[in-house]
Amino acid sequence: MEAPQGPLTRRITGIETEYGITCTVDGSQRLSPDDIARYLFRPVIEEFGSTNIFTNNAARLYLDVGSHPEYATAECDSLSQLIAHDRAGDVMLNRLAEQAEESLANEGIAGKVYLFRNNVDSVGNSYGCHENYLISRATSLKKFGVSLLPFMVTRQLLCGAGMVNKPLPGSLYDGQPTSYTFAQRADHVWEGVSSATTRSRPIINTRDEPHADSNAFRRMHVIVGDSNMSECTTALKVGSTHLVLEMMEANWPLPDLEVANEIKSIRAVARDLTGGAEVVLRDDRTMSALDIQRIYFDAATEYVAQRNDDSGTSNAEMRRVLDLWGRVISALETGDLSGIDTEVDWAIKKKLLDGFMRRGNFDLDHPRIAQLDLSYHDIRPGRGIFQVLEAKGLAQRWVDPVAVAEAEHTAPQTTRAALRGQFLQAARSAGADITVDWTHLKVNRPEPRMVVCEDPFQSENAAVAELIASMG
């Protein structure tokens with residue numbers, strides 16, 4: 001397969017979410033993260049003998065380093081599809097948490113299991129939300145630094161999760177007052193572009209691991225984004241990035257905004273809620289974060305006006321992305337957040353915290369504010385604040401809840417994930433001994449047989465159908 005030369009309007013995307021986990025009684029820790037993670041994954045181990053599996057909807061569920069449950073969506077080729085499958089991960093993890101609490105109760109152990117879709121714990125450890133974008137092998141890596149990094153450094157204005165940032169002793173900001181910042185991950189990245197993942201935590205990871213035909217594709221791995229509760233924020237995060245990548249692949253005219261110091265800039269941007277933080281460019285110019293976002297927004301608006309949407313995310317949905325993108329910019333320009341405070345996480349949370357501080361005459365250092373900040377990210381129904389806001393119409397949705405319910409059990413039917421889902425379903429029904437990863441489907445016994453699926457856009461494959469039939 002040759003590398004596509006034009007922009008990928010139909011683009012494979014995926015999101016990996018690491019969850020924070022704890023088990024408490026009356027606010028005190030009852031079990032260590034290691035112990036409660038074992039209870040959480042007990043049903044998975046009993047059924048599959050492993051803490052690293054592919055689920056029936058073709059997603060990957062596993063226990064990551066640091067006892068973090070992680071859910072990686074299957075390959076999706078449209079924005080709404082991705083959001084539905086991302087949200088389905090919360091449903092799956094909540095069900096495991098319910099089973100864990102039941103197991104604890106049966107063993108006479110009191111405790112509630114909490115799962116948090118956030119990025120920083122109380123002692124400053126960070127865990128990630130990683131985005132994956134399929135891009136053409138023909139795309140020059142140099143473009144990432146010139147055209148993409150300025151967007152990524154300032155993207156937190158659009159899709160940060162918001163955070164009450166109390167500097168820890170010995171940290172870079174030790175001694176500074178507690179503040180509310182756009183993003184949780186901004187302080188936890190150390191390079192702009194790198195092939196490393198944990199050692200240096202770059203904004204963009206260039207490790208060449210496409211999970212596809214390496215002659216045709218790369219996989220761009222973004223590890224700087226926050227975990228989002230709002231579906232609308234996820235849509236803006238992924239949709240805006242998708243459009244910038246399309247423009248890069250199409251050689252759409254974008255100005256040279258290469259940033260002089262990405263890490264210094266991303267941290268400064270996080271702390272200026274006006275969007276006015278100055279970003280120094282390689283050519284010694286300075287621009288505000290908001291001005292940089294306006295340039296990308298204007299370019300994307302012109303691009304979508306002539307964009308081909310024969311497949312993938314439609315122009316209609318991209319116009320929804322542009323509408324929200326433009327409203328975020330306007331809100332920051334005017335200081336009036338009322339037009340975005342039901343759709344963008346940092347603004348939703350800020351409204352919640354501001355109201356609570358006003359009613360209780362509290363400041364950001366009050367323990368109740370820290371509790372509210374954390375509870376916003378609790379995915380457990382009946383406990384998490386975000387679900388309450390959503391139920392009351394104070395947080396909007398992007399997709400129909402029916403689509404989320406379907407995504408919990410069904411793989412995306414328009415990508416390679418459909419093949420994996422069919423194979424898994426057949427193998428589990430037949431009790432077959434199999435091995436599966438993103439590209440390989442293998443029957444281990446009686447005679448090993450394997451099909452390699454390198455085209456992530458291929459949802460039908462005669463060899464896979466034959467392999468499934470052989471398990472009869």
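Not measured: the values here are computed from a predicted model.
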Contact between Val238 and Tyr133 at the side-chain level, heavy atoms closer than 4.5 Å - yes or no? yes
Is it true that atom CD of Glu406 has more than 12 heavy atoms of other residues, nucleotides or ligands lying nearer than 6.0 Å? no
Scan Leu61, Asn57, Asn56 and name whichever one has a side chain to side chain contact (heavy atoms under 4.5 Å, CB included) with Met92. Asn57
Are a donor atom and an acceptor atom from the side chains of Ser288 and Glu278 found within less than 3.5 Å of each other? no
Would a line drawn from the ring center of Phe54 to the ring center of Trp438 be shorter than 6.0 Å? yes
Value rounded to 0.5 Å, distance of CG in Leu79 from CD in Glu231: 10.5 Å
Return the CZ to CG distance between Arg319 and Leu324, rounded to the nearest 0.5 Å. 15.5 Å
Can you tell which of Glu75, His211, Arg416 makes a side chain to side chain contact (heavy atoms under 4.5 Å, CB included) with Ile12? Glu75
More than 12 heavy atoms of other residues, nucleotides or ligands under 6.0 Å from CD of Gln425: yes or no? no
Run the ring-ring contact (aromatic ring centres under 6.0 Å, His included) test against Phe297 and tell me which residues pass, sequence neighbours left out. Trp325
Exercise: do Thr233 and Glu343 side chains pair donor with acceptor under 3.5 Å: no
Would you give the length of the straight line joining atom OH of Tyr180 to atom CZ of Arg271, rounded to the nearest 0.5 angstrom? 13.5 Å
Applying salt bridge (charged side-chain N to carboxylate O under 4.0 Å, His left out) between Glu249 and each of Arg218, Arg11, Arg307, report the one that passes. Arg11
Output the distance between atom OH (Tyr19) and atom CG (Asn118), rounded to the nearest 0.5 Å. 11.5 Å
Derivation of the side-chain hydrogen bond (donor to acceptor under 3.5 Å, both in side chains) call for Gln396 and Thr342: CA-CA 6 Å; Gln396 296 185 35; Thr342 62; 2.9 Å; yes
Tyr376 meets the ring-ring contact (aromatic ring centres under 6.0 Å, His included) criterion, sequence neighbours left out, with Phe386
With the threshold set at 4.0 Å, does a side-chain nitrogen-carboxylate oxygen contact exist between Arg383 and Asp378? no
Sequence neighbours left out, what passes ring-ring contact (aromatic ring centres under 6.0 Å, His included) with Phe362? Give chain and number order. Phe356, His366
Not counting sequence neighbours, list each pair that qualifies as a salt bridge (charged side-chain N to carboxylate O under 4.0 Å, His left out) and has a residue in residues 150-161. Glu131-Arg155
The test is side-chain hydrogen bond (donor to acceptor under 3.5 Å, both in side chains); show your working for Arg60 and Asn52 and say whether it passes. CA-CA 7 Å; Arg60 185 182 173 207; Asn52 184 352; 3.1 Å; yes
Indicate whether the side chain of Asn119 and that of Ser227 have a donor and an acceptor atom separated by less than 3.5 Å. yes
Could you go through the side-chain hydrogen bond (donor to acceptor under 3.5 Å, both in side chains) check for Gln184 and His377 one step at a time? CA-CA 12 Å; Gln184 301 187 7; His377 299 275; 3.2 Å; yes
Would one find more than 12 heavy atoms of other residues, nucleotides or ligands at under 6.0 Å from atom CD of Glu460? no
For Phe423, what residues pass the ring-ring contact (aromatic ring centres under 6.0 Å, His included) criterion, not counting sequence neighbours? none
Quick one: CG on Asp86 to OG1 on Thr13, what's the gap to the nearest 0.5 Å? 10.0 Å
Kindly check if the number of other-residue, nucleotide or ligand heavy atoms within 6.0 Å of CZ (Arg368) is above 12? no
Separation of Glu390 CD from Ser230 OG (nearest 0.5 Å): 8.0 Å
If only side-chain N and O atoms count, and only distance matters, is there a donor-acceptor pair under 3.5 Å linking Thr154 with Gln293? yes
Scan residues 65-99 for pairs that pass ring-ring contact (aromatic ring centres under 6.0 Å, His included), counting only residues two or more places apart or in two chains. His68-Tyr127
